[in-house]
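A quick note: this is a predicted structure, and the numbers were derived from the prediction, not measured. Labels below follow one simple rule: chain letters A, B, ... track the order of the sequence lines, proteins then strands, and each chain is numbered from 1. Values below: every heavy atom of this structure, side chains too, minus hydrogens, waters and symmetry copies.
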Amino acid sequence: MIHLALQEKLQRAVHALLPDADVSSVLVRPCAEPKFGDYQANALIGLAKRNQLNPREFAAQVIEQLDVADCCEPVTIAGPGFLNFRLKTEALSEVLVGAAKGEHLFYRTAAEPRTIVIDYSSPNVAKPMHVGHIRSTILGYTLAKVFRLLGHNVVTDNHIGDWGTQFGKLLVGWKEHLNKDALGQDALAEMERLYKLVNTACDADEAVLTHARNELVKLQDGDAENLAIWREMINLSRHQFDEIYGRLGVKFDETLGESFYNDRLKGVVDELITQGIAEESDGAQVVFFNDHKSLKKHPAIVQKSDGAANYTTTDLATLEHRQNRWQPSEVIYVTDGRQQLHFQQLFELYTRWKPSHGMKLNHVWFGTILGEDGRPFKTRSGEIIRLSGLLDEAEQRAFDAVSEKNPDLPEEQRHTIARVVGLGAIKYADLSGNRQSDYVFSWDTMLALVGNTAPYLLYAYTRIRSLFRKLGDESLTRPATFALGQAEELTLAKHLLRFGLVLELVIDECRPNYLCNYLYELAGLFGSFYENCPVLQAEGDTRTQRLALCDLTGQVLNTGLETLGLETTDRM
RNA sequence: GCCCCGGUAGCUCAACUGGAUAGAGCGUCUGCCUUCUAAGCAGAAUGUUGUGGGUUCAAGUCCCGCCCGGGGUACCA
């Protein structure tokens, strides 16, 4: 909160001295080392150098122009020309008082809300969701929530794979090998079995492959029976997707699958040809990127030699639809990093097709999922870990833990806690790492109950709730001021103020792990506070103020966790 | 071949416009439960940030070379 005011004042001061300089890079950031102060500005050094000024002298001149006495101790210059700001306790207190009154929760919503389309999850019809889908789903939904928390308009769209060549094989399987009992038991497993069965048969027998192709052509031509089966497969799949999404608490505004764009594909290709963007090559319609360094040798096919479109075409039509329907300032795709080339091509191609679209096209990719042996975790290996089973095991492990720690709680309540903790642990494990790092799938990492994990954060929250339970009917009085006399109180309070900064950082880089780190630090600082600063046993203003600090910490934890898609619990 | 990623403590990871002494957790070791939930807190040990140069007042971060690993690379998505 305060840092934004500081930053504005600093930028004005710099502008007064260097009217021509771009002051947008003059930023105020939290100090890495608390001993230097609370906030620092590093940009003056470079700015001074670029203007042939002595950095320290320039810094001194800036300070003369800068009046921040209302919120800071005298500003100091350190090293080659860093500015260090130390907050006055009164200023800190004022922000906390405002938060305690409910005026804000240490962040501001966007002055100019943007519209952002976020594309995530995108499972395939007739295939069970597996561990590979969880990152996209969790990352995407969390990003949507952070953007929304900051006041932006978000459209979430599940671009499910409900069209494509796999349906030829699935139709053969459905017509010739369907086990209806199995379908009733577990539709996705049965459909997957059918696919594998026919896929294997195709490899062995050319006739089966031809049969599958014929079924696909019939589907594409609108054959009533095949269309009905196709719709049935989609319905069964969506039913099971919804079950998973329900457990994960994930929602979508739209579910426009690939088939939604079928009618537009031919037109897209025609336009690309007419505009001279696509050209015929080996029977296919291809787009070359000769002027582009990394795409020079990687043309994109927009129409296969058999006349069918492929996913580049579908994605172009999808993007066109999104632009027309929502006029977003940004479209975010949350997928595996292996699709980087595809999205590079897509963005480049779309911009060539619609040069004035003006949208930020953002591929938010994440690392490959590896097995514990460090080998890529491939879908086709047959060693698929079903998402539903993963969630079951997470809840079971959490149930065992809560039953051990708190055996006296009623079983029903332990199940509820296990759901919150178990599913929270999985989500948090996914969100707390740098998304671009390869992801080593490990039960122990996912379901760990100690360290930088969901249970640690949830536990900090339950301690706060426990205090307020003990408070009983006593109403919470709002402090008129915060003394923050003890070191742990002061540190905790300062950390609360950084919440908004972190949220901004998350949407700037689409990296929820910043929020995880922040909350983990907050929980740690609260832990120290909790051990060293008695709350209920304190008296008078100290008690009031500490209770308010607990309440605010609880609110930030709760809001932060909710934004990460985690529920909280009062006991665990 | 070409393109894109990555290489940080024994392990898993973090490090916010390049910024001050590279931080956590796990594991190891030591203290703290008649006192607000010990799923906790306090403390100890752990590094040539793959490697060699360069730019800079300042490099894990930017540039170039090399080594190692992963991924992608014309009709799957």
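Rounded to whole Å, the distance from CD on A:Gln40 to P on B:A15 is 17 Å. Summarising the geometry, the separation between CD on A:Gln340 and P on B:U73 is reported as 12 Å, rounded to the nearest angstrom. Separating the NZ atom of A:Lys405 from the P atom of B:A39 is a distance of 5 Å, rounded to the nearest angstrom.
Heavy atoms of A:Ser528 sit under 4.0 angstrom from primed sugar atoms or phosphate atoms, though from no base atom. Note on A:Asn199: nothing from the nucleic acid sits closer than 4.0 angstrom, heavy atoms only. Nucleic acid contact class of A:Asn84 (heavy atoms, under 4.0 Å, all strands): base. Here A:Lys49 lies in heavy-atom contact (under 4.0 Å) with a base. Within the 4.0 angstrom heavy-atom criterion, base atoms lie near A:Val402. Across all strands, A:Asn42 comes closer than 4.0 Å to base atoms (heavy-atom distances). Nucleic acid contact class of A:Gly433 (heavy atoms, under 4.0 Å, all strands): sugar-phosphate only. Counting non-hydrogen atoms under 4.0 angstrom, A:Tyr311 reaches a base of the nucleic acid. Within the 4.0 angstrom heavy-atom criterion, only backbone atoms of the sugar-phosphate kind lie near A:Tyr514; the bases stay farther away. When heavy atoms are screened at a 4.0 angstrom cut-off, A:Asp508 is found touching no nucleic acid atom at all. Contact annotation for A:Cys533: base contact, defined as any heavy-atom pair under 4.0 Å involving a base atom. Looking at heavy-atom distances under 4.0 Å, A:Glu258 makes contact with sugar-phosphate atoms alone, never a base.
A side-chain donor-acceptor contact under 3.5 Å links A:Trp230 to the backbone of A:Asp162. Side-chain atoms of A:Asn532 come within 3.5 Å of backbone N or O of A:Ser528 as a donor-acceptor pair. Panel note: side chain A:Gln7, backbone A:Val28; a donor-acceptor pair is recorded below 3.5 Å.
By the rule that a glycosidic angle within 90° of 0 means syn, B:C32 does not qualify and counts as anti.
Applying the side chain to side chain donor-acceptor pair (under 3.5 Å) test to residues at least two apart or on different chains, the pairs with a partner in residues 542-551 of chain A are A:Glu474-A:Arg543, A:Gln486-A:Arg546, A:Glu489-A:Arg546, A:Asp551-A:Gln555.
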The dot-bracket string of RNA chain B, counting Watson-Crick and G-U wobble pairs with both distances under 3.5 Å, using [ ] for crossing pairs and | for pairs to another strand, is (((((((..((((.....[...)))).(((((.......))))).....(((((..]....))))))))))))....
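In the interface, the side chain of A:Thr335 is not paired with the base of B:A77 through any donor and acceptor atom under 3.5 Å apart.
Here the straight-line distance linking atom CZ of A:Arg213 with atom NZ of A:Lys169 works out to 8.5 Å at 0.5 Å rounding.
Heavy-atom contacts from other residues, nucleotides or ligands closer than 6.0 Å to CG of A:Asp291 number 12 or fewer.
Between A:Leu27 and A:Gly79, the one whose closest nucleotide on RNA chain B sits nearer the 5' end is A:Leu27.
Distances from the side chain of A:His298 to the nucleotides B:C41, B:C2, B:A20 place B:C2 closest.
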